[in-house]
2 protein chains.
Amino acid sequence: MKTPYRILLIENDTAVAQAIRLALREIAELDILTDPAELHASPSFHSYDAALLDMNFQPDQRDGRAGLETIDRLRAADPSLAIVMLTVFGGVAIAVEAFKRGASDFLLKPWRNDRLVDALRAAAALTKRQRASAAMSLEEMERHAIERALARADGNISHAAAALGLTRPALYRRIEKHGL
Amino acid sequence: MKTPYRILLIENDTAVAQAIRLALREIAELDILTDPAELHASPSFHSYDAALLDMNFQPDQRDGRAGLETIDRLRAADPSLAIVMLTVFGGVAIAVEAFKRGASDFLLKPWRNDRLVDALRAAAALTKRQRASAAMSLEEMERHAIERALARADGNISHAAAALGLTRPALYRRIEKHGL
DNA sequence: GAACAGCTGTCCGATGCCGGACACCGTGAT
DNA sequence: ATCACGGTGTCCGGCATCGGACAGCTGTTC
């Protein structure tokens with residue numbers, strides 16, 4: 001088994017949390033938060049590979065406000081962390097709103113364990129990609145930008161150079177430098 | 001009135017298409033495609049500000065496959081074009097899948113005109129942002145990257161420089177050059 | 001309070017990029 | 001046949017960027 005994912009679970013029902021822990025025992029170790037209010041106290045978001053977030057409907061509000069706000073707070077703390085939502089109340093409106101706020105997946109309770117595992121694998125991969133592109137050096141960024149520009153101009157060096165704001169010789173030099 | 005949005009509507013029911021045209025007459029001019037198969041024939045996606053895509057359930061399949069595939073094809077043709085989905089059959093699973101494939105919004109029929117207008121405004125704004133960041137010159141990219149790195153290191157120049165793969169004096173010079 | 005660690009800001013000679021210019025090549029219009 | 005055009009690849013003198021080094025400032029440690 002590969003090194004397990006580190007996943008932040010936010011779930012106020014401890015029975016459900018234990019069931020999830022069991023379902024994921026093969027692939028992940030969880031940190032469980034029973035109250036989203038404790039979020040700011042947990043400083044090291046960068047060590048998580050994904051977040052699994054229960055909608056946590058409060059007794060007095062069925063619109064999912066609590067869950068949606070938690071998405072906002074998680075993303076403010078670490079925009080590169082992929083968030084998987086988990087909810088009993090599966091209104092389309094809430095799913096749509098969750099995605100618009102930056103959730104990366106949306107599952108319904110009761111869940112199928114294999115789907116949950118797949119979703120978290122995908123979320124972890126997404127987090128990894130986002131971290132990688134956020135931590136790119138200028139050199140790597142430049143390389144990517146040049147590759148994209150060349151692709152978009154399908155090989156036309158002059159156009160690519162213009163799009164990048166370079167003179168043509170400058171683009172030649174950089175292509176050479178990056179080994180493209 | 002500002003210059004209207006140019007919107008690509010894909011809708012096989014011409015009556016619905018006319019109703020949408022009417023609803024949007026104040027803010028947008030539409031090109032209507034009744035069959036997604038004609039997509040490749042329409043070369044100038046860059047002139048659209050958003051796409052509005054009916055799920056177009058075929059009589060023999062209720063899973064929305066046709067609509068989802070159309071998302072893929074639109075995004076392959078122009079990844080920066082924001083796509084608003086419109087559907088009668090509002091299963092959560094389909095909404096989730098649409099977002100995962102890159103749709104930017106998801107509305108249910110029957111629609112409220114004001115919501116439709118809002119959604120398309122937002123989609124057009126998103127398209128604009130994506131186009132802008134796709135067309136950035138290397139200079140602008142560098143500037144953005146430096147701003148982000150400085151923010152993430154909250155002001156610590158040495159750390160920001162290391163994250164960007166620069167020496168500290170080099171970062172000083174670039175900060176100076178970009179006027180930050 | 002002295003030594004240290006971790007910053008910031010600045011200097012300067014060597015290096016390496018800059019872009020205008022040039023030669024060349026295929027294609028399409030006159 | 002020739003010209004104009006839009007593209008490619010390359011050269012070279014000038015100038016901008018490079019990074020190592022230095023001085024200074026602010027805490028923290030012993």
Side-chain angles (χ1 to χ4, degrees), chain A residues 6 39-48 75-81 130-180, chain B residues 6 39-48 75-81 127-128 130-180:
Chain A
R6 294 208 62 235
L39 259 184
H40 63 280
S42 183
S44 59
F45 289 106
H46 294 308
S47 67
Y48 294 116
R75 286 192 65 79
D78 180 2
S80 60
L81 185 65
Q130 280 169 324
R131 297 246 166 93
S133 65
M136 271 199 294
S137 71
L138 281 187
E139 183 109 357
E140 292 166 317
M141 284 192 80
E142 181 176 294
R143 188 198 163 106
H144 272 129
I146 289 174
E147 281 178 342
R148 277 190 316 142
L150 283 174
R152 284 179 20 129
D154 49 42
N156 183 323
I157 308 250
S158 298
H159 290 169
L164 292 167
L166 296 176
T167 56
R168 200 165 44 79
L171 180 53
Y172 276 111
R173 283 190 293 271
R174 288 166 135 98
I175 288 174
E176 170 77 15
K177 185 170 71 173
H178 292 113
L180 298 176
Chain B
R6 296 208 61 234
L39 259 185
H40 63 280
S42 183
S44 60
F45 290 105
H46 295 310
S47 69
Y48 294 116
R75 288 192 64 79
D78 180 2
S80 60
L81 185 66
T127 299
K128 199 173 171 186
Q130 281 170 324
R131 296 247 165 91
S133 64
M136 271 199 293
S137 71
L138 281 187
E139 183 109 357
E140 293 166 317
M141 283 192 80
E142 180 176 294
R143 188 197 164 106
H144 271 128
I146 288 173
E147 280 177 342
R148 277 191 313 140
L150 283 174
R152 289 186 4 138
D154 47 44
N156 183 322
I157 309 250
S158 298
H159 290 170
L164 292 166
L166 296 176
T167 56
R168 200 165 44 81
L171 180 53
Y172 275 111
R173 283 190 293 271
R174 287 165 135 99
I175 288 173
E176 170 78 15
K177 185 170 69 175
H178 293 114
L180 298 177

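Quick note on labels: first sequence line is chain A, next is B, and so on, each numbered from 1. Atoms considered below: every heavy atom in the structure, side chains included; atoms not considered: hydrogens, waters and symmetry mates.
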Sorted by number, the residues of residues 145-154 of chain B with heavy-atom contact under 4.0 Å to DNA chain D: none
When the distance from [atom1] of [X] to [atom2] of [N] is rounded to whole Å, what number comes out?
X        : N      : atom1 : atom2 : result
B:Glu176 : C:dT8  : CD    : C1'   : 15 Å
A:Leu138 : C:dC17 : CG    : P     : 15 Å
A:Leu166 : C:dG19 : CG    : C1'   : 11 Å

Contact state string [nucleotides 9-16 of chain C, B base, S sugar-phosphate only, - no protein heavy atom under 4.0 Å]: BB------
Quick check for you: to the nearest 0.5 Å, what is the distance between [X] atom [atom1] and [Y] atom [atom2]?
X        : Y        : atom1 : atom2 : result
B:Ile146 : B:Leu180 : CD1   : CG    : 7.0 Å
B:Leu164 : B:Arg174 : CG    : CZ    : 9.0 Å
B:Arg173 : B:His178 : CZ    : NE2   : 13.0 Å
A:Met136 : A:His144 : CE    : NE2   : 5.5 Å
A:Ser80  : A:Asp78  : OG    : CG    : 3.5 Å
B:Ile175 : B:Ile157 : CD1   : CD1   : 4.0 Å

More than 12 heavy atoms of other groups within 6.0 Å of B:Arg131 CZ: yes
Residue A:Lys177 excluded, over 12 heavy atoms near NZ under 6.0 Å: yes
Leading and trailing nucleotides of DNA chain D with any atom under 4.0 Å from heavy atoms of chain A: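 Extent of the interface on DNA chain D: D:dG7 to D:dT10.
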Salt bridge flag under 4.0 Å for residues B:Arg143 and B:Glu147: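 Looking at B:Glu147 together with B:Arg143, the answer is yes, because their closest N to O distance falls below 4.0 Å.
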